Amino acid sequence: MDISPVLLHQFHNQVEYILHRKGNFTGPVLEMTVVLDHSLPRKRTKECVSALLRSLKQKSETFRNVRLNVTDWLSDDELTNRVKPMLSVMTDSFYETYEEIKTEKRIETLYQYLKFYHARSKLILLFTDGQYRIGDETLRCETLKPFLGRKLIQITATENGIELG
């Protein structure tokens with residue numbers, strides 16, 4: 001997967017905007033969360049996640065020492081969390097146990113989980129194919145407030161490429 005320099009620049013601008021918002025990141029060690037939607041194929045997930053995390057690590061000193069939470073979004077009922085070094089998430093061995101699971105999922109369920117369990121994360125990257133369902137729009141909006149919406153970057157990876165949302 002070829003990621004354009006323009007997309008990388010936009011991605012870095014969004015990350016910097018989130019980290020430099022008033023009241024967000026001030027400490028020496030950044031805590032961030034990467035959410036992997038298992039609707040994405042393994043190859044596309046690995047390429048997209050590795051490329052974007054590598055670019056963050058190269059771009060800024062802030063990302064050299066990170067507490068990285070990896071959340072696997074398998075279904076509405078199955079969300080798992082692991083704490084991993086950022087470098088290990090960029091390797092092939094991390095994706096050996098990854099399996100593609102096509103199920104109908106609701107985004108507000110994920111947002112509720114992130115709001116409850118990942119409130120300390122200063123940056124949340126959601127890697128998805130965009131094939132989720134919005135069951136309750138008002139609940140979705142409520143779970144994004146007050147802080148989750150300010151920390152979240154959605155990266156949609158499709159056959160046509162990567163889009164930031």
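Here the structure is a predicted model, which means the values were calculated and not measured.
Checked by atom type and distance alone, the side chain of His20 pairs as donor or acceptor with a backbone atom of Glu16 at under 3.5 Å. At least one donor-acceptor pair under 3.5 Å links the side chain of Lys151 to the backbone N or O of Ser121. At least one donor-acceptor pair under 3.5 Å links the side chain of Ser50 to the backbone N or O of Lys46.
Taking the side chain as every heavy atom from C-beta outward, Val34 and Phe127 approach each other to under 4.5 Å. At least one side-chain heavy atom of Cys48 sits less than 4.5 Å from a side-chain heavy atom of Ile162. The side-chain heavy atoms of Asp72 and Leu79, taken from C-beta on, include no pair separated by under 4.5 Å. Residues Leu87 and Met90 meet the side-chain proximity criterion, which asks for heavy atoms closer than 4.5 Å. Residues Leu123 and Val15 have side chains in contact (heavy-atom distance under 4.5 Å, counting atoms from C-beta outward). Residues Leu36 and Thr71 are not in side-chain contact: their nearest non-hydrogen atoms beyond the backbone lie 4.5 Å or more apart. Taking 4.5 Å as the limit, every side-chain heavy atom of Leu68 sits out of range of all side-chain heavy atoms of Glu31. Proximity of Leu56 to Phe11: side-chain heavy atoms (C-beta onward) are separated by under 4.5 Å at one or more points.
When all heavy atoms are compared, the tightest approach of Arg82 to Phe94 is NH2-CZ, 3.3 Å. Smallest separation of non-hydrogen atoms from Thr109 and Arg106: OG1-NH2, 3.1 Å.
With sequence neighbours excluded, the residues that form a ring pair (Phe, Tyr, Trp, His ring centres under 6.0 Å) with Tyr98 are His38. Glu104 is linked by a side chain to side chain donor-acceptor pair (under 3.5 Å) to Arg133, counting only residues two or more places apart in sequence or in another chain. Residues passing the side chain to side chain donor-acceptor pair (under 3.5 Å) test with Ser39, sequence neighbours excluded: Asp37, Lys105. With sequence neighbours excluded, the residues that form a side-chain contact (heavy atoms from CB on, under 4.5 Å) with Leu144 are Tyr111, Arg140, Leu148, Leu152. For Arg64, the salt bridge (Lys or Arg N to Asp or Glu O under 4.0 Å) partners at least two apart in sequence or on another chain are Glu61. Partners of Glu159 according to the salt bridge (Lys or Arg N to Asp or Glu O under 4.0 Å) rule, which considers only residues two or more places apart in sequence or in another chain, are Arg44. Applying the side-chain contact (heavy atoms from CB on, under 4.5 Å) test to Glu100 and every residue at least two apart in sequence or in another chain returns Pro41, Lys102. Partners of Arg150 by salt bridge (Lys or Arg N to Asp or Glu O under 4.0 Å), not counting sequence neighbours: none found. Not counting sequence neighbours, the partners of Thr138 by the side chain to side chain donor-acceptor pair (under 3.5 Å) test are Asp136. Residues passing the salt bridge (Lys or Arg N to Asp or Glu O under 4.0 Å) test with Arg42: none are found, sequence neighbours excluded. Contacts of Lys43 classified as side-chain contact (heavy atoms from CB on, under 4.5 Å), with partners at least two apart in sequence or in another chain: Glu47. In this view, Ser93 and Thr91, Glu96 satisfy the side-chain contact (heavy atoms from CB on, under 4.5 Å) rule, not counting sequence neighbours.
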Exercise for the section: Please report the C-alpha distance between Leu164 and Thr156 in whole Å, then the side-chain angles of each, then the deciding distance to 0.1 Å, and finally whether the side-chain contact (heavy atoms from CB on, under 4.5 Å) criterion is met. Expected result: CA-CA 6 Å; Leu164 300 175; Thr156 306; over 6 Å; no
Exercise for the section: Please test Glu78 against Ile101 for side-chain contact (heavy atoms from CB on, under 4.5 Å), starting from the C-alpha separation and ending with a verdict. Expected result: CA-CA 11 Å; Glu78 194 172 356; Ile101 302 170; 6.0 Å; no
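Here Asp76 contributes atom CG and Leu110 contributes atom CG; the two are 9.0 Å apart, rounded to the nearest 0.5 Å. To the nearest 0.5 Å, the span separating CD on Gln14 from CG on Leu19 amounts to 11.5 Å. Of the inter-residue distances, the one linking Arg21 atom CZ with Lys122 atom NZ reads 13.0 Å to the nearest 0.5 angstrom. To the nearest 0.5 Å, atoms OG1 (Thr158) and CG (Asp129) are separated by 9.0 Å. How far CH2 of Trp73 is from CD1 of Ile107: 4.0 Å, rounded to the nearest 0.5 Å. Interatomic distance, Ile18 CD1 to Ile124 CD1, rounded to the nearest 0.5 Å: 9.0 Å.
If you chain together hydrophobic residues whose side chains sit under 4.5 Å apart, Met32 and Leu126 never meet in one group. Cluster membership for Tyr132 and Leu74, using ILVMFWY side-chain heavy atoms within less than 4.5 angstrom, is not shared. Transitive grouping of hydrophobic side chains (ILVMFWY, heavy atoms separated by less than 4.5 Å) keeps Tyr17 and Ile155 in distinct clusters. Following chains of ILVMFWY side-chain contacts shorter than 4.5 Å, one cannot reach Val49 starting from Val35, and the two form parts of different hydrophobic clusters. Residues Phe116 and Tyr113 share a single hydrophobic cluster, defined by chaining ILVMFWY side chains whose heavy atoms lie under 4.5 Å apart.
Within a 6.0 Å radius of CD in Glu99, no more than 12 heavy atoms belonging to other residues, nucleotides or ligands are found. In the displayed structure, Phe147 atom CZ is contacted under 6.0 Å by at most 12 heavy atoms of other residues, nucleotides or ligands.
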